[in-house]
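For the single chain, residues carry numbers from 1 onward in sequence order. All heavy atoms count here, side chains included; hydrogens, waters and symmetry mates do not.
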Amino acid sequence: MEVFNHSRVSEFVLLGLTDSPDLQIFFFVVFSIFYLLTMLGNSLILLTVISTSHLHSPMYFLLSNLSLIDMCLSSFATPKMIMDFFAQRKTISFEGCISQIFFLHLFTGTEIVLLISMSFDRYIAICKPLHYSTVMSQRVCFGLVVTSWTVGFLHTLSQLAFTLYLPFCGPNVIDSFFCDLPLVIQLACIDVYVLGIFMISTSGVIALLSFLLLLSSYITVLVTIKDHSSTGSSKALSTCTAHFIVVLMFFGPCIFIYMWPFTNFLVDKILSVFYTIFTPLLNPLIYTLRNQEVKTAVKKKLYTQYFNLGKTTPQYPMQ
C-alpha cells in the first residue's frame, strides 16, 4: 500500500517522432497538409452522401459514418502533434493523456465494428440480393451504427478501468507523439507486466479475430462473384477490393502493436502514424477513386458549389 501513497505525476513528456529540427519542420508541413486533406475529404464524402438522394442507401450510410469516425480518429492526437513540432518541451497533462487513450480506443473499437457491418452489407448485397432490402432496412443500418459506437465505448471503458487505478509516480517520459496504452502502463510504479500483457493483448486478439472474420467474409463474397455476370462482377469486385484495402490498412498496424506490447520498436511509431494519420486520409481517396457513384456525386456537388459561388446577384439602383 506504500506505493499508492506516492504523489501522482501531473503531466507526461512526449518525445515525439524525432528531435531533428529539420525533420520537425518537414513533418510539420507534411502532416498539416495530410490533416487538412483528411478533414476536407471526409467532410466532402459526409456532406455528399447526406445531400445526394440516390446515395441514401445502406452502403453509403455506413460509408458516411466511416468518414465521421475517420475525422474523429485523425483529430484525437494529430493537431497536438502538429503544434508540438515547435514546442521546446512537449508535455501533456495526466487528464489529457487519459483522454487520448479513451478516444483512441473509442474510435478504433467503433471503426472495427463498423467495418464488420460494411462487410456484412456487401455480403448480403452480393450473396443474398433478393433479401437485401429486407435484411438491410433503415432500422438495421441505424442499429449497426449504434452498436458500433456502443461496443467502442464499452471497449475503451474496459481498458481505462484498469489504467486509472494504477499509481504513476515517475518516470513520466513517453517515447511517442501521443499516449497509448502499452506506453503508459509501462510507467506505472508497480509491476503490471503480466496483467498489462493480458489487458493490452486482448485488444490485439480482438483485432486479429475481427480481421479473420472480415477476411472469411470477403473470400465468400469473391467466390460468389464468380457466378455473376461480367459487368456485375467487375463492380462488386471493385467495391470489395476497396473495402479490403481499408480493412488491411486499419487492422495491420493494430494487430502488430497490440499483439506484441511493451516493445520499443521504431516500427511501432511508424505504424502509429499510419493508422492515425495516413489511413483516415486514404479511406476517402480509395472510396471516391474506386466508386463511380460517389465520384460522380462529389464532382456534381463541387461543380454546383463552384457555379453558385460564381454567380453574382445583379444590383439595381434604388428608385
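Side-chain heavy atoms closer than 4.5 Å link hydrophobic residues (I, L, V, M, F, W, Y) into clusters, and following such links, even through other members, never connects Leu15 to Phe168. A chain of hydrophobic side-chain contacts below 4.5 Å, direct or via other Ile, Leu, Val, Met, Phe, Trp or Tyr residues, connects Leu208 to Ile112. Residues Ile206 and Leu73 fall into different hydrophobic clusters, defined by Ile, Leu, Val, Met, Phe, Trp and Tyr side chains chained together at heavy-atom separations under 4.5 Å. Using a 4.5 Å cut-off between side-chain heavy atoms of Ile, Leu, Val, Met, Phe, Trp and Tyr, with links allowed through other members, Phe250 and Val113 fall into different hydrophobic clusters. The hydrophobic cluster containing Met83 does not contain Val273, counting ILVMFWY residues as joined when their side-chain heavy atoms lie under 4.5 angstrom apart, directly or transitively.
What you find for Met81 and Ile277 is that their closest heavy atoms are CE-CD1, 3.4 Å. In plain terms, the two heavy atoms of Leu183 and Ser176 that are nearest each other are CD1-CB, 3.4 Å. Closest approach of Met39 to Ser43, counting heavy atoms only: O-OG, 2.5 Å.
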Working for side chain to side chain contact (heavy atoms under 4.5 Å, CB included), residues Cys179 and Ile174: CA-CA 7 Å; Cys179 292; Ile174 298 176; 3.7 Å; yes
Apply side chain to side chain contact (heavy atoms under 4.5 Å, CB included) to Trp149 and Ile69, showing your working. CA-CA 10 Å; Trp149 285 99; Ile69 296 174; 3.8 Å; yes
Between Met59 and Met118, is the side chain to side chain contact (heavy atoms under 4.5 Å, CB included) condition met? List the steps. CA-CA 7 Å; Met59 183 178 76; Met118 294 176 71; 5.7 Å; no
List the steps and the verdict of side chain to side chain contact (heavy atoms under 4.5 Å, CB included) for Leu66 and Leu115. CA-CA 8 Å; Leu66 178 64; Leu115 289 173; 4.3 Å; yes
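Under the 4.5 Å side-chain criterion, counting only non-hydrogen atoms from C-beta, Tyr123 is in contact with Lys128. Looking at heavy atoms from C-beta onward, Thr38 lies out of side-chain contact with Asp70 at the 4.5 angstrom threshold. Residues Met249 and Leu282 have side chains in contact (heavy-atom distance under 4.5 Å, counting atoms from C-beta outward). Using a 4.5 Å heavy-atom cutoff, the side chains of Phe12 and Leu187 are in contact. Between Pro58 and Tyr132 the shortest side-chain heavy-atom distance falls below 4.5 Å. Between Cys72 and Phe103 the shortest side-chain heavy-atom distance does not fall below 4.5 Å. Taking the side chain as every heavy atom from C-beta outward, Ile124 and Phe120 approach each other to under 4.5 Å.
At most 12 non-hydrogen atoms from other residues, nucleotides or ligands lie less than 6.0 angstrom from CZ of Phe153. The environment of Phe86 atom CZ is dense: over 12 non-hydrogen atoms of other residues, nucleotides or ligands sit within 6.0 angstrom.
Expressed to the nearest 0.5 Å, how far CZ of Arg122 lies from SG of Cys127 amounts to 10.5 Å. Rounding to the nearest 0.5 Å gives a distance of 11.0 Å between OH of Tyr60 and CD1 of Ile45. Atom CG of residue Leu214 and atom CG of residue Leu248 lie 11.0 Å apart, to the nearest 0.5 angstrom. Expressed to the nearest 0.5 Å, how far CD of Glu111 lies from CG of Leu68 amounts to 10.5 Å. With rounding to the nearest 0.5 Å, the separation of CG in Leu106 from CD1 in Ile101 is 13.5 Å. We find the OG-CZ distance between Ser137 and Arg139 to be 7.5 Å, quoted to the nearest 0.5 Å.
Ring orientation note: the planes of His105 and His155 are tilted relative to one another, at an angle of 30° to 60°. Aromatic ring orientation, Phe278 versus Phe274: perpendicular (interplanar angle above 60°, classes split at 30° and 60°).
Residue Phe142 belongs to a hydrophobic cluster whose other members are Val146, with links defined by side-chain heavy atoms closer than 4.5 Å.
Applying ring-ring contact (aromatic ring centres under 6.0 Å, His included) to Phe31 and the options Phe27, Tyr35, Phe28 leaves one that passes, Phe27. Under the side-chain contact (heavy atoms from CB on, under 4.5 Å) test applied with Phe177, the options Ile82, Thr276, Thr18, Leu14 reduce to a single match, Thr276. The side-chain contact (heavy atoms from CB on, under 4.5 Å) test with Val145 singles out one residue from Thr150, Asn65, Val140, and that residue is Asn65. Results of the side-chain contact (heavy atoms from CB on, under 4.5 Å) test with Leu181 over Thr163, Leu160, Leu104 single out Thr163 as the only residue that passes.
Using a distance-only test at 3.5 Å, with no hydrogens or angles considered, no donor-acceptor pair links the side chain of Ser74 to the main chain of Met71. The closest donor-acceptor contact from the side chain of Ser217 to the backbone of Leu213 lies at 3.5 Å or more, if one exists at all. When atom types are taken as modelled, the side chain of Thr220 and the backbone of Ser216 share a donor-acceptor pair closer than 3.5 angstrom. Judged by distance alone, the side chain of Asn42 and the main-chain N or O of Pro280 form a donor-acceptor pair under 3.5 Å. In this structure, the side chain of Gln186 engages the main chain of Pro182 through a donor-acceptor pair within 3.5 Å.
By the salt bridge (charged side-chain N to carboxylate O under 4.0 Å, His left out) test, Lys80 is found to be paired with Asp84, residues two or more places apart in sequence or in another chain being considered.
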